Amino acid sequence: MLEKTFDPKSVEPRLYRAWEESGVFSPDAVLEKNPEAEAFTIVIPPPNVTGSLHIGHALNNTLQDVLTRFERMRGKAALWLPGTDHAGIATQMVVERQLAEQGNIGRRDMGREAFVEKVWEWKAQSGGQIVNQLRRLGASCDWSRERFTLDAGLSAAVRKVFVRLYKEGLIYRDKRLVNWDPHFQTAISDLEVEQREVDGQYWHFAYPLDDGTGEVVVATTRPETMLGDTAVAVHPDDERYTSLIGKLVRLPIVGRLIPIVADDYADPEKGSGAVKITPAHDFNDFQVGKRHDLEAINILDEFGRLNANAPEEFRGLDRFDARKRIVERMEELGLLRGIEKTRHMVPHGDRSGAVIEPYLTDQWYVDAHTLAQPALKAVEEGRTVFEPRHWEKTYFEWLRNIEPWCISRQLWWGHRIPAWYGPDGHLFVEENEEEAQAAAQIHYGEEDVSLRRDEDVLDTWFSSGLWPFSTLGWPEETDDLKRFYPTDILVTSFDIIFFWVARMMMMGLHFTGEVPFERVFINALVRDAKGQKMSKSKGNVVDPLGLVDKYGADALRFTMVALSGPNRDIKLSEQRIEGYRNFGTKLWNAARFCQMNECVRVEGFDPAGVTQTINKWIRGETAKTAAEVTRAIEACAFDDAAGALYRFIWNVFCDWYLELAKPILNGDDGAAQEETRATAAWVLDECLKLLHPVMPFITEELWDKTAEFGGPRNGFLMTAQWPRLPDSYIDAAAEAEIGWLIELVSEIRSIRAEMNVPPSARAPLTLSGASEATRARLTRHRDLIVTLGRLSEVREADEAAAGTVPFVVGEATGALAIAQFIDLAAEKARLTKEIASHAGDIERTAKKLGNADFVARAPEEVVEENRERLAEAEAAKAKLEAALARLATVS
RNA sequence: GGACGCGUAGCUCAGUGGGAGAGCACCUCGUUGACAUCGAGGGGGUCGCAAGUUCAAUCCUUGCCGCGUCCACCA
């Protein structure tokens with residue numbers, strides 16, 4: 001006998017282990033039996049190796065697992081390829097912090113090799129926890145194919161890609177302004193910069209004209225940058241300044257003579273209309289500098305301190321100290337013309353939180369513009385489709401305005417750039433040192449050349465960009481690559497469309513000639529119950545593993561699926577999870593009911609052959625549900641799938657079918673009983689299959705437990721065949737009949753409740769005005785109606801008698817003889833209200849039908865539908881009016 | 001400044017050119033052997049506002065109001 005409730009805590013780990021050990025997560029299990037099986041592939045968005053499972057992962061990975069389990073059950077060689085990302089900055093940060101906590105010497109003292117070794121040690125010990133957390137969620141990843149972005153194979157792929165892009169001219173070195181993170185002392189890409197609004201000030205400085213005829217006032221929020229000023233720009237059409245163009249100002253403190261140039265960049269509307277130009281420390285100024293051939297003077301070192309290009313007194317000062325100092329000095333010089341408070345956006349490093357400095361350095365760049373073109377075309381042509389579709393606009397927007405991608409990082413943890421410099425600085429970009437040596441020997445014509453390898457590593461996203469094909473063995477022509485690439489669908493969130501999706505498209509198309517995935521499903525962002533973004537600082541972060549502990553993985557999974565509608569945000573409340581836990585319990589108890597009533601699977605049972613109306617009906621409802629769930633998952637309409645499952649299992653199977661089956665199961669018609677038992681068992685099995693992708697644990701457990709009384713199963717539910725039920729299972733006559741039955745019982749219940757008839761009171765029901773078909777139905781289901789309506793008997797009558805409570809079902813009038821419970825006033829009110837409601841309906845419909853344009857222009861079936869509605873409403877109203885009249889007579 | 005999205009029941013959200021839906025919450029009743037993590041019933045909405053298209057608009061178009069997100073911007 002099943003327990004009263006399902007116990008996820010004991011079942012989940014046991015089942016997961018059983019699945020994993022049996023090898024069913026791997027597509028190889030399918031391919032062994034059917035080498036021709038169609039492939040289905042998802043590569044996981046590799047979580048950071050430093051990460052732990054957050055609610056966004058729970059959502060994202062649940063959806064991937066639903067798709068994978070679904071396709072696996074449909075007989076495909078389904079591969080969900082897992083792995084983790086080495087996460088350059090994040091990991092280096094974690095390990096550095098840990099070294100500090102343990103009182104170790106720092107990274108720099110330790111040296112590169114030793115430090116990298118430490119990171120690998122850390123990875124072996126505590127890295128990749130998240131992978132086990134995914135297991136707790138029930139993720140059916142093929143762990144035998146697990147990859148790491150820094151493993152040997154992926155490293156080889158990275159080197160190959162780098163060298164090829166370099167030789168094609170799509171990777172190059174350049175000296176430009178980069179976003180410099182003084183905390184980590186590395187360049188970062190535009191995407192890693194986060195604009196934050198902060199309090200700031202404008203300082204207005206006067207720069208004296210060299211000829212002594214006056215001054216020019218400029219404003220800045222970064223006074224220290226004035227030390228690197230090499231011009232002042234004014235708009236060519238700004239009449240206030242036309243006479244000054246070409247003149248020189250003497251830069252205060254520094255004493256450098258700098259020109260006043262005319263440039264469209266200067267906006268007469270802003271500030272004084274004159275703007276200081278610091279080409280080495282401002283992106284706009286850099287462009288101005290290029291146009292006017294200005295010197296770019298770098299005044300900072302890699303820590304953000306003032307360097308030797310600054311006057312003596314400022315050297316070595318932190319940029320923010322220097323800022324104060326500059327303001328003081330300008331004030332002393334009498335050149336501070338004003339201070340203005342402001343709130344403005346300031347760039348910060350997304351990892352370090354440090355204020356980013358535009359900084360002039362040599363870095364490696366990818367010609368993203370060139371690579372973007374095929375990536376744009378592929379989506380424009382629909383070779384890759386985003387869902388929801390509107391995200392394509394975001395993708396286009398970014399790719400059409402893409403800037404060169406700075407890929408070098410001054411870190412130690414990552415893919416070291418395969419570039420070597422000869423003694424004269426000549427570059428050799430090769431996949432390994434031997435090849436670089438060989439190239440150098442050819443170049444220099446000497447035997448042994450001493451080469452120095454580039455110190456930098458690559459942006460983590462460079463290797464992530466290769467993920468869909470590098471994980472499958474590229475550049476080798478592996479069987480996996482042939483079979484599983486391009487992948488079918490990528491499931492990810494919108495915040496990495498630029499970082500990751502776009503880069504995979506660029507790299508995938510360039511190196512394989514094919515799109516890396518045919519569909520991109522953008523999942524929602526999980527927020528707290530109030531709709532706020534979860535963040536550690538707000539303290540509203542929900543721990544998915546805590547929820548798994550409390551409610552079970554299935555409940556969390558169902559919640560994620562049920563909330564995955566077309567919206568961009570998901571507001572997660574615990575109440576919702578609780579509700580879906582209850583749903584699992586409901587299913588569990590339905591199985592328990594089946595067990596108690598010996599609803600046992602019958603080998604060779606064919607639902608097509610059932611004869612009982614309720615069995616024909618539930619067979620059709622099951623088929624409809626299977627079709628809907630299939631359609632919904634195929635379309636990534638996850639909420640629809642969850643809704644269809646919930647409604648069918650709870651509101652159809654449990655609320656009605658099992659209730660309707662009770663009289664038969666307890667009755668004495670042996671054949672009907674046998675058929676109903678077999679049907680109930682069959683429906684339960686179909687429920688388990690259909691629900692399995694969303695709630696794998698409880699369904700697998702029930703699959704196993706029901707075998708104890710239903711005979712052994714042929715393998716896991718996980719590998720059972722997905723229901724494919726023919727439309728012929730739907731029987732219109734049975735549907736109409738059960739629909740009528742449900743309506744009748746509902747009416748009876750409704751009246752009983754409204755009249756406060758005690759459940760123990762059994763009342764007789766009469767039915768008048770019934771057609772022959774209805775009378776036949778009545779005969780067939782008399783026992784059912786009596787039981788579910790808690791009636792004493794059901795009679796046919798010529799008309800509803802006085803002292804009864806009437807209601808309308810179809811063409812017939814039912815009447816409950818519950819005179820002793822009738823509150824005349826309440827009953828009068830009820831009838832009046834219902835009559836009014838019909839009257840309203842009649843009025844609206846009649847008006848519509850009275851409109852000649854409507855009758856002439858609306859489709860015929862709509863007109864006909866309205867005519868029927870009008871007739872029905874009029875008939876019902878008439879019956880209720882008659883009842884009201886009788887009521888008046890009685891009183 | 002540019003782009004995108006959203007305003008439907010108290011809350012969270014589905015939905016459709018032709019009679020407004022679900023879950024939760026709320027109210028009433030209920031210990032009939034699957035289930036109180038439950039059952040039966042009920043109340044509750046001029047579908048943000050305005051105009052337009054249409055025989056017909058919650059749905060399509062435009063404008064407005066409100067909310068949110070992303071991108072750009074440190075004169």
Side-chain angles (χ1 to χ4, degrees), chain A residues 2 4-6 190 195 197-198 200 202-204 217-222 225 233 266-267 269-276 282-284 340 342 344-347 355-356 358 388 390-391 393-394 396-398 401 494-495 497-498 525 529 531 533 551 555 562-563 565-573 575-576 578-597 639-640 643 646-647 651 654-655 658-659 662 746 749-754 756-760 787 790 840-841 844-845 848 851-859 861-863 865-866 869 873:
Chain A
L2 288 170
K4 273 181 108 170
T5 54
F6 170 64
D190 298 346
Q195 301 290 338
E197 195 177 35
V198 297
Y202 288 126
W203 284 273
H204 298 260
V217 175
V218 295
T220 180
T221 57
R222 293 185 299 159
T225 61
D267 182 349
E269 303 292 317
K270 280 188 183 170
S272 63
V275 56
K276 60 191 273 310
D282 183 286
F283 289 97
N284 289 312
E340 204 184 319
T342 179
H344 60 161
M345 302 299 267
V346 174
V355 174
I356 296 303
H390 67 83
W391 288 109
K393 291 192 179 172
T394 305
F396 289 145
E397 185 69 17
W398 189 67
N401 301 301
F494 70 86
D495 50 340
I497 290 178
F498 306 145
L525 182 73
K533 208 167 172 172
Y551 301 102
L563 292 175
N567 243 354
R568 300 216 286 199
D569 298 327
I570 286 177
K571 287 177 196 149
L572 183 68
S573 72
Q575 213 173 35
R576 194 96 189 219
E578 196 183 334
Y580 292 129
R581 187 267 322 266
N582 296 352
F583 171 64
T585 307
K586 188 73 184 177
L587 173 70
W588 185 266
N589 278 291
R592 196 157 170 265
F593 174 86
C594 287
Q595 183 184 25
M596 286 173 157
N597 287 277
D639 56 337
D640 285 351
Y646 188 95
R647 279 191 300 276
N651 303 123
C654 293
D655 285 352
L658 293 181
E659 292 304 321
K662 278 176 184 175
S746 298
R749 285 172 170 172
S750 173
I751 285 169
R752 294 185 63 115
E754 276 182 53
N756 290 314
V757 179
S760 54
T787 308
R790 307 194 57 75
D841 201 14
R844 271 195 309 278
T845 314
K848 210 181 243 186
N851 180 345
D853 279 334
F854 172 72
V855 178
R857 301 198 182 206
E861 65 266 24
V862 174
V863 177
E865 192 191 316
N866 276 277
R869 187 184 308 155

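The basis for the numbers below is simple: all heavy atoms, side chains too, and nothing from hydrogens, waters or symmetry mates. Keep in mind that what you see is a predicted model, and the values were worked out from it rather than measured.
To the nearest 0.5 Å, the span separating OG1 on A:Thr585 from CZ on A:Arg592 amounts to 11.5 Å. Taken from CG in A:Asp190 to CZ in A:Phe283, the straight-line distance is 6.5 Å, to the nearest 0.5 Å. The structure places CG of A:Asn866 at 10.5 Å from CZ of A:Arg844, a figure rounded to the nearest 0.5 Å. A distance of 5.0 Å separates NZ of A:Lys662 from CZ of A:Phe593, quoted to the nearest 0.5 Å. Taking CG from A:Asn589 and CZ from A:Phe6, the interatomic distance works out to 12.5 Å, rounded to the nearest 0.5 Å.
Picking from B:G41, B:C4, B:C74 the nucleotide with the shortest atom distance to the side chain of A:Asp282 gives B:C74. Of the candidates B:A34, B:C74, B:G18, B:A34 carries the atom nearest the A:Phe593 side chain, counting heavy atoms from C-beta on. Checking B:A75, B:A34, B:G41 against every side-chain atom of A:Lys662, the shortest atom distance belongs to B:A34. The nucleotide whose nearest atom lies closest to any side-chain atom of A:Met345 is, among B:C35, B:U12, B:C73, B:C73. Nearest nucleotide to the side chain of A:Met596, out of B:G41, B:A34, B:U12: B:A34. Out of B:C4, B:U12, B:G15, the shortest distance to the side chain of A:Arg568 is found at B:C4. Nearest nucleotide to the side chain of A:Arg576, out of B:G42, B:U12, B:C35: B:U12. Out of B:G42, B:A14, B:G19, the shortest distance to the side chain of A:Asp639 is found at B:A14. Nearest nucleotide to the side chain of A:Asn866, out of B:A75, B:C38, B:G18: B:G18.
Taking atom CZ on A:Arg790 and atom P on B:G30, their separation rounds to 13 Å, with Å as the unit. Between A:Gln575 atom CD and B:A22 atom C1' there is a gap of 15 Å when expressed in whole angstrom units. In this structure, OH of A:Tyr646 is placed 17 Å from P of B:C13, rounded to the nearest angstrom. Between A:Phe498 atom CZ and B:C71 atom C1' the separation is 7 Å, expressed in whole Å. Regarding A:Asn582, its CG atom lies at a distance of 13 Å from the P atom of B:G23, rounded to whole Å. Nucleotide B:A36 holds its P atom 7 Å from the CG atom of A:Asn589, rounded to whole Å. The distance between atom CG of A:Leu658 and atom C1' of B:G33, rounded to the nearest whole Å, is 15 Å. Atom CG of A:Asp640 is separated from atom C1' of B:A22 by 12 Å (rounded to the nearest Å).
Comparing B:C59 with B:C47, their P atoms are spaced 9 Å from each other, to the whole Å. Rounded to a whole angstrom, the distance from the C1' atom of B:G45 to that of B:A9 is 5 Å. For the P atom pair drawn from B:C65 and B:A14, the interatomic distance equals 25 Å after rounding to whole Å. If you take atom P in B:U28 and the same atom in B:G43, they sit 15 Å apart, rounded to whole Å. Spacing between B:U8 and B:G21 at atom C1', rounded to whole Å, works out to 10 Å. Nucleotides B:G2 and B:A72 place their C1' atoms 8 Å apart, quoted to the nearest Å. Spacing between B:G17 and B:U54 at atom C1', rounded to whole Å, works out to 9 Å. Rounded to whole Å, the separation between the P atoms of B:A40 and B:G33 comes to 16 Å.
Here A:Pro347 lies in heavy-atom contact (under 4.0 Å) with a base. Note on A:Asn851: only backbone sugar-phosphate atoms sit closer than 4.0 angstrom, heavy atoms only; bases stay farther off. Within 4.0 Å (heavy atoms only), A:Leu587 reaches no atom of the nucleic acid at all. Base contact: A:Gln195 has a heavy atom under 4.0 Å from a base atom. Residue contacts shown for A:Asn597 are absent, as no nucleic acid heavy atom lies under 4.0 Å away. Using a 4.0 Å heavy-atom distance criterion, A:Glu269 is classed as making no nucleic acid contact. Using a 4.0 Å heavy-atom distance criterion, A:Ser573 is classed as making no nucleic acid contact. Within the nucleic acid shown, A:Ala266 comes within 4.0 Å of at least one base atom, counting heavy atoms only. The residue A:Val275 sits close to a base: some heavy atom pair falls under 4.0 Å.
Between the base of B:G41 and the side chain of A:Arg749 there is no donor-acceptor pair shorter than 3.5 Å. If you check distances only, the side chain of A:Glu340 never reaches the base of B:A75 with a donor-acceptor pair under 3.5 Å. Side chain A:Lys586 to base B:C35: a donor-acceptor pair is found below 3.5 Å. Residue A:Arg752 places no side-chain atom within donor-acceptor reach of the base of B:C29, judged by atom type and a 3.5 Å distance cut-off alone.
Checking B:G66 for Watson-Crick or G-U wobble geometry (two distances, each under 3.5 Å) identifies B:C6 as its partner. Judged by Watson-Crick or G-U wobble contacts below 3.5 Å, the nucleotide B:U54 has no partner. In this structure B:U28 sits in a base pair with B:A40, meeting the Watson-Crick or G-U test at under 3.5 Å. Pair check for B:A34 finds none; no Watson-Crick or G-U wobble contact set falls under 3.5 Å. Of all nucleotides present, none satisfies the Watson-Crick or G-U wobble test against B:C47 with each distance under 3.5 Å.
Contact between the side-chain N/O atoms of A:Asn567 and the OP1/OP2 oxygens of B:A14 is found at a separation under 4.0 Å. Look at A:Thr342 and you won't find any side-chain N or O under 4.0 angstrom from OP1 or OP2 of B:C74. Side-chain N/O atoms of A:Arg222 include none lying less than 4.0 angstrom from OP1 or OP2 on B:C74. Contact between the side-chain N/O atoms of A:Thr221 and the OP1/OP2 oxygens of B:A75 is found at a separation under 4.0 Å. Of the side-chain N and O atoms in A:Lys4, none sit less than 4.0 angstrom from OP1 or OP2 of B:G33.
Across the interface with RNA chain B, nearest-nucleotide mapping of A:Lys393 and A:Asn284 shows A:Lys393 to be the residue nearer the 5′ end. With the nearest nucleotide of RNA chain B identified for both A:Trp391 and A:Asp655, A:Trp391 has the one nearer the 5' end.
Counting heavy atoms from C-beta outward, A:Val275 and A:Lys270 have side chains that stay 4.5 Å or more apart. No side-chain heavy atom of A:Arg790 sits under 4.5 Å from any side-chain heavy atom of A:Val757.
Nearest heavy atoms, A:Val218 versus A:Ala274: CG1-O, 3.7 Å.
The aromatic rings of A:Tyr646 and A:Tyr580 sit perpendicular, their planes meeting at an angle over 60°, well past the 30° parallel limit.
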- Task: Go through the steps to decide whether A:Asp655 and A:Glu659 satisfy the test side chain to side chain contact (heavy atoms under 4.5 Å, CB included), and finish with yes or no.
- Result: CA-CA 6 Å; A:Asp655 285 352; A:Glu659 292 304 321; 5.8 Å; no
